[in-house]
Amino acid sequence: MTRWHPATEIVALGCALLLVFGLASPLVPAALILVTVLAVAAAPAIRFRSWLVAVALICLPTLLFAMVVQGFFYRGADPIILWDAAIAQFTLQGAAIAVQLWLRLTAMVGLCAAFGLGNDSARLFDGLTRLRVPQPIAYVCAAALGLIPLVRTRTVQMLEARACRGWDTRSWAVRIRLIRTLVPGLFTAVLMGVEQRFDTLTQRGFGAPGQRGVGGGRPTELQDHPDSAASRAVRWILPLGAVAFTAAVMTGLIPLPSAPQLLEVITR
């Protein structure tokens with residue numbers, strides 16, 4: 001399967017996030033979650049299990065927390081009590097708000113996780129520079145994405161060092177005890193490494209005014225990415241379509257049920 005240019009993938013991600021947070025209907029994030037699941041399952045560059053675990057670790061605890069907070073503390077007008085125990089009352093309206101918040105969060109995390117697991121820092125940097133993002137900002141974003149494998153590697157090295165000193169790092173109880181001592185040194189080492197690389201690039205003229213690639217055009221990309229006419233057209237069609245769809249829904253030209261409307265249908 002031929003992949004789009006990374007700039008096109010970045011634009012698609014931005015448009016999807018615009019729809020998630022720009023429209024109030026819970027059907028939008030639900031539809032995007034379904035599309036993301038199908039896309040990740042079909043993408044050879046992404047391990048579906050890794051994506052699913054990453055999303056579940058972030059979103060499932062958030063769902064539980066939102067259910068407790070919204071379900072027990074949000075009343076609304078004419079609340080429908082689903083569970084009553086003395087002063088604690090779990091309402092349907094609160095649960096509906098919790099689910100709506102969770103759908104938005106899951107859609108956002110799922111989209112970002114799919115993009116992060118399916119790309120590397122070089123692809124992200126090339127995509128941002130093609131979109132004419134200033135190179136220092138593009139480097140910061142690419143470096144943030146590159147921190148994921150770097151943190152994993154440094155964590156393994158630090159655990160191996162503790163194992164050589166007699167710690168049983170195969171035990172999760174021991175690993176939890178080591179978090180307090182590992183985390184400060186881990187992030188300090190990672191951030192210092194990123195800063196040193198950026199200083200080296202700056203001394204070599206990275207991001208200097210007027211910097212161009214071969215032939216005086218835009219900066220040369222780090223990797224060779226095919227950029228067909230269809231891919232360039234998609235980069236214009238997606239933003240225009242997302243803005244037009246959002247405007248049509250907000251003005252009522254395209255009716256999408258809101259959370260209260262869906263709740264009325266459920267409770268009939």
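Please read these numbers as outputs of a predicted model, since none were measured by experiment. Computation of the quantities below employed the complete heavy-atom set of this structure, encompassing side-chain atoms and omitting hydrogens, waters and symmetry-equivalent molecules. One-based numbering along the sequence shown.
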Asker: Would you say the side chain of Pro26 lies within less than 4.5 Å of the side chain of Val99, judging by non-hydrogen atoms?
Answerer: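 Not touching, per the 4.5 Å side-chain cut-off.
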Asker: Please report the shortest heavy-atom distance between Thr36 and Ala114, naming the atom on each side.
Answerer: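 In this case the closest contact between Thr36 and Ala114 is CG2-CB, 4.2 Å.
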Asker: First locate atom CG of Leu34, then atom CG of Leu27, and finally report the distance between them rounded to the nearest 0.5 Å.
Answerer: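 If we round to the nearest 0.5 Å, Leu34:CG and Leu27:CG are 12.0 Å apart.
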Asker: Assigning hydrophobic clusters by single linkage (Ile, Leu, Val, Met, Phe, Trp, Tyr; side-chain heavy-atom cutoff under 4.5 Å), is Leu128 placed with Ile137?
Answerer: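 The answer is yes; both residues are in one hydrophobic cluster.
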Asker: Are more than 12 heavy atoms from other residues, nucleotides or ligands located less than 6.0 Å from atom CZ of Arg47?
Answerer: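 No, the 6.0 Å shell around CZ holds no more than 12 heavy atoms from other groups.
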Asker: Decide yes or no on side-chain contact (heavy atoms from CB on, under 4.5 Å) for Leu17 and Met108, but give the supporting numbers first.
Answerer: CA-CA 7 Å; Leu17 294 178; Met108 180 190 69; 3.9 Å; yes
Asker: Count I, L, V, M, F, W, Y as connected when their side-chain heavy atoms are under 4.5 Å apart, and connections chain through other members. Are Phe21 and Phe115 then in the same cluster?
Answerer: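 They do share one cluster, since a chain of ILVMFWY contacts under 4.5 Å joins Phe21 to Phe115.
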Asker: Is Ser231 reaching over with its side chain to a backbone N or O of Ser228, donor-acceptor style, under 3.5 angstrom?
Answerer: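 Checked: no pair found.
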Asker: Do Leu101 and Arg104 have side chains that get closer than 4.5 Å, going by heavy atoms?
Answerer: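 Heavy-atom side-chain distance check fails, nothing below 4.5 Å.
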Asker: Could you check Val11 against Leu131 for side-chain contact (heavy atoms from CB on, under 4.5 Å), going step by step and ending with a plain yes or no?
Answerer: CA-CA 9 Å; Val11 171; Leu131 295 175; 4.0 Å; yes
Asker: Can you name the residues that form a ring pair (Phe, Tyr, Trp, His ring centres under 6.0 Å) with Phe48, not counting sequence neighbours?
Answerer: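 Phe48 satisfies ring pair (Phe, Tyr, Trp, His ring centres under 6.0 Å) with Trp51 only.
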Asker: Rounded to the nearest 0.5 Å, what's the gap from OG1 on Thr106 to CG on Leu111? Could you check?
Answerer: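 One finds 10.5 Å between OG1 of Thr106 and CG of Leu111.
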Asker: Using residues 234-254 as the side-chain source, report each donor-acceptor pair under 3.5 Å to any protein atom, sequence neighbours left out, with the distance given to one decimal.
Answerer:
residue: Arg235; atom: NH1; partner: Thr8; partner atom: OG1; Å: 3.0
residue: Arg235; atom: NH1; partner: Asp227; partner atom: OD1; Å: 3.2
residue: Arg235; atom: NH2; partner: Asp227; partner atom: OD2; Å: 3.0
residue: Thr246; atom: OG1; partner: Ala242; partner atom: O; Å: 2.8
residue: Thr251; atom: OG1; partner: Ala247; partner atom: O; Å: 2.8
residue: Thr251; atom: OG1; partner: Ala248; partner atom: O; Å: 3.3

Asker: Roughly how far, to the nearest 0.5 Å, is the CZ atom of Arg123 from the NE2 atom of His5?
Answerer: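 That separation rounds to 8.0 Å.
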Asker: CG of Leu23 to CG of Leu18: how many Å apart, nearest 0.5 Å?
Answerer: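 Reported to 0.5 Å precision, the distance equals 7.5 Å.
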Asker: Is there a side-chain contact between Val40 and Ile46, using heavy atoms and a 4.5 Å cut-off?
Answerer: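 They are in side-chain contact.
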Asker: Quick one: does Trp102's side chain have a donor or acceptor within less than 3.5 Å of a partner on Cys59's backbone?
Answerer: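 Yes, Trp102 side chain to Cys59 backbone: donor-acceptor pair under 3.5 Å.
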Asker: Can you name the nearest heavy-atom pair linking Ala107 to Val20, along with the distance?
Answerer: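 Answer, listing the atom of Ala107 first, then Val20: CB-CG2, 3.9 Å.
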Asker: For residues Gly110 and Val55, report the shortest heavy-atom separation together with the two atoms involved.
Answerer: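 Result for this residue pair: CA-CG2, 3.9 Å.
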Asker: Atom CG of Leu13 and atom CD1 of Ile10: how far apart are they, to the nearest 0.5 Å?
Answerer: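 The distance works out to 8.0 Å.
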Asker: What is the minimum heavy-atom distance between Ala142 and Ser121, and which atoms define it?
Answerer: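 Taking Ala142 first and Ser121 second, the nearest heavy atoms are O-CB, 3.2 Å.
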Asker: Is a side-chain N or O of Gln100 found less than 3.5 angstrom from the main chain of Ala24, in a donor-acceptor match?
Answerer: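 Yes, Gln100 side chain to Ala24 backbone: donor-acceptor pair under 3.5 Å.
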Asker: Roughly how far apart are Ile33 CD1 and Leu38 CG, rounded to 0.5 Å?
Answerer: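 The distance works out to 12.0 Å.
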Asker: Grab the two heavy atoms, one from Ala138 and one from Thr129, that are nearest each other, plus how far apart they are.
Answerer: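 Closest heavy-atom pair between Ala138 and Thr129: CB-CG2, 4.2 Å.
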